[in-house]
Amino acid sequence: MKRALERILKWVENAVVGFSIVGVMFMVVIVFYQVLARYFFNKPPKWTEEIALVTMIWIAMLGAGIGLKNDIHMRVEVFMSVFPKKIQRFVEIAIMVLIGYFGVQMTRYTVMMVQRLPNRLAATGISVAWMYVPIAVCGVLVVMCALLKILEQVASLKEGRKR
């Protein structure tokens, strides 16, 4: 199960990186177009700001979801260094369980909220839900990454017993 989860997350990570690169380039182009239209033609398009915002939200939430896999999230390690390695692993498992639970709740409540959103963005007319869907996707990625981290910690605990 661990290997399958690693493969899936590696594929997702590559897709997120690719999407982020294309998304940032897209944002630069449309914001540049907006600036040109504002200063040279005195008529900025209204849709560029909304599209750039939605793109930025998608990039940030997908990056945050996969960031847990690569340990780029914030953490305080001062207290962990006091404990022996075995207890550190148990604490890591407990932390990952809590993070996974947070991911489940984040997805659950985002889905509930998206189902109740009838609003549309003013300039583009697209559903406001497109700004919230990446939060649910981030929650799923957080759960998957937390599960992978738990499996890694359990495997390292078993290795410690064999020695």
K.L.:
Transitively linked via ILVMFWY side-chain contacts under 4.5 Å: Val28 with Leu36?
P.N.:
no
K.L.:
Measure across Gln153 and Ile93 and return the closest heavy-atom pair with its distance rounded to 0.1 Å.
P.N.:
CB-CG1, 3.5 Å
K.L.:
If you define the side chain from C-beta out and look only at heavy atoms, does anything of Met61 sit under 4.5 Å from Val137?
P.N.:
no
K.L.:
Would a 4.5 Å heavy-atom cut-off, applied to side chains only, mark Met144 and Lys149 as touching?
P.N.:
no
K.L.:
Heavy atoms only: give me the nearest Phe83-Gln88 pair and the separation to one decimal.
P.N.:
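Smallest heavy-atom distance, with atoms named: O-NE2, 2.9 Å.
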K.L.:
Mind listing the closest non-hydrogen atom pair of Leu9 and Leu148 along with its distance?
P.N.:
CD1-CD2, 3.7 Å
K.L.:
So, for Met96 and Ala146, which heavy atoms are closest and what is the spacing to 0.1 Å?
P.N.:
O-CB, 3.5 Å
K.L.:
Hey, are Glu13 and Lys69 close enough for a salt bridge, meaning a charged N less than 4.0 Å from a carboxylate O?
P.N.:
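Yes, charged N to carboxylate O under 4.0 Å.
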K.L.:
Checking Gln34 side chain against Pro44 main chain: does a donor-acceptor pair fall under 3.5 Å?
P.N.:
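No, the answer is negative, given that no donor and acceptor are paired below the 3.5 Å cut-off.
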K.L.:
Rounded to the nearest 0.5 Å, how far does CG of Leu5 lie from NZ of Lys10?
P.N.:
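One finds 13.5 Å between NZ of Lys10 and CG of Leu5.
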K.L.:
For the residue pair Trp130 and Trp58, does the interplanar ring angle fall in the parallel (under 30°), tilted (30 to 60°) or perpendicular (over 60°) class?
P.N.:
tilted
K.L.:
Without hydrogens or angle criteria, can the side chains of Ser156 and Arg89 be said to hold a donor-acceptor pair below 3.5 Å?
P.N.:
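Yes - a donor-acceptor pair under 3.5 Å links their side chains.
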K.L.:
Heavy atoms only: give me the nearest Val12-Leu141 pair and the separation to one decimal.
P.N.:
CG1-CD2, 3.5 Å
K.L.:
If only atom types and distance count, is the side chain of Thr107 paired as donor or acceptor with the main-chain N or O of Val140 below 3.5 Å?
P.N.:
yes
K.L.:
Over all heavy atoms of both residues, which pair between Trp47 and Tyr33 is shortest? Give the atoms and the distance, please.
P.N.:
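That closest heavy-atom pairing would be CZ2-CE2, 3.9 Å.
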